[in-house]
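Worksheet: one structure, shown below.
Just so it is clear, the values below take in all heavy atoms, side chains as well, and ignore hydrogens, waters and symmetry mates. In this chain, numbering begins with 1 at the start of the sequence shown. Indexing begins at 1, ligand by ligand and atom by atom, following the structure's order.
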Amino acid sequence: MPLETYRKKRRFGVTPEPRGKSPRRRTKKLAYVIQKHRATALHYDFRLEWNGVMLSWAVPKAPSLNPADKRLAMPTEDHPLEYNKFEGVIPEGEYGGGTVMIWDRGTWEPEPESADVDAAMKKGELKFRLHGEKLEGGWVLVRMHRRGAEGRTPWLLIKHRDEFVSKRDITEEAPRSVVSDRLLVEIARDEGGNMKKAADGDPPALLRKMLENPKLVKPAKKSRKKSVWHSNRGVS
Ligand code: MN
């Protein structure tokens with residue numbers, strides 16, 4: 001059953017996360033999203049649309065534009081497509097409790113485009129291209145040979161060599177939400193989350209600058225009801 005694990009882990013009367021409709025068949029470009037998530041620990045949830053759901057990995061150290069960096073990517077349960085629009089606060093004590101930011105989004109395609117994605121997932125080596133606002137170009141997800149915590153086998157997320165390779169730290173350079181331009185601390189403030197906990201996922205140098213010049217702080221959103229970001233831009 002698609003999304004069964006996703007739904008079992010959550011109480012939808014308590015968390016503002018979407019329950020998710022039944023998986024749809026694909027009609028347009030495949031969606032890609034990364035959600036920066038300050039839960040028990042900070043991580044980046046990397047998601048690729050496939051077969052009507054978002055295949056998901058948690059990347060603790062964030063993706064790197066440097067092909068020399070092999071970033072650990074722990075597989076997590078498939079998420080509904082609607083989750084791509086979720087930015088807000090998961091209540092403390094709930095599964096994944098903490099602040100969620102839509103850090104990057106766009107579309108993706110397997111590389112080559114004719115590649116059999118199901119076979120690649122089974123084999124544990126998926127090559128793809130990203131067309132995001134922050135991440136672009138060729139990447140690979142490779143399953144490791146050893147077992148990890150809870151019997152889950154970790155994967156590695158690695159940048160391919162192409163014109164988008166860089167030694168710049170994209171997480172320091174572009175720490176804000178691609179939909180609301182907010183930092184984690186600003187999302188926590190607007191949605192009634194734990195600001196102190198959220199702030200330690202934001203770049204310390206930027207937070208220091210904001211304290212010296214409070215004009216850099218985004219004004220609070222008027223309504224606190226809207227945890228799901230509705231935008232006409234980009235993919236669904
Ligand atoms: Mn997460």
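Other residues, nucleotides and ligands place no more than 12 heavy atoms under 6.0 Å from the NZ atom of K61.
Proximity of a side-chain donor or acceptor of K159 to a complementary backbone N or O of G138 within less than 3.5 Å is detected.
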task: Mind running side-chain hydrogen bond (donor to acceptor under 3.5 Å, both in side chains) on W50 and D78 for me, showing each step along the way?
output: CA-CA 10 Å; W50 189 246; D78 296 343; over 6 Å; no
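Note: Y32 and F46 have tilted aromatic rings, judged against thresholds of 30 and 60 degrees for the angle between ring planes.
Applying the ring pair (Phe, Tyr, Trp, His ring centres under 6.0 Å) rule to H79 yields the partners Y6, Y83; only residues at least two apart in sequence or on another chain are considered.
The Mn ion (ligand 1) has H37 ND1, H43 NE2, D45 OD2 as its protein N, O or S neighbours under 2.8 Å.
For the atom pair CH2 of W57 and CD1 of I34, the computed distance is 11.5 Å after rounding to the nearest 0.5 Å.
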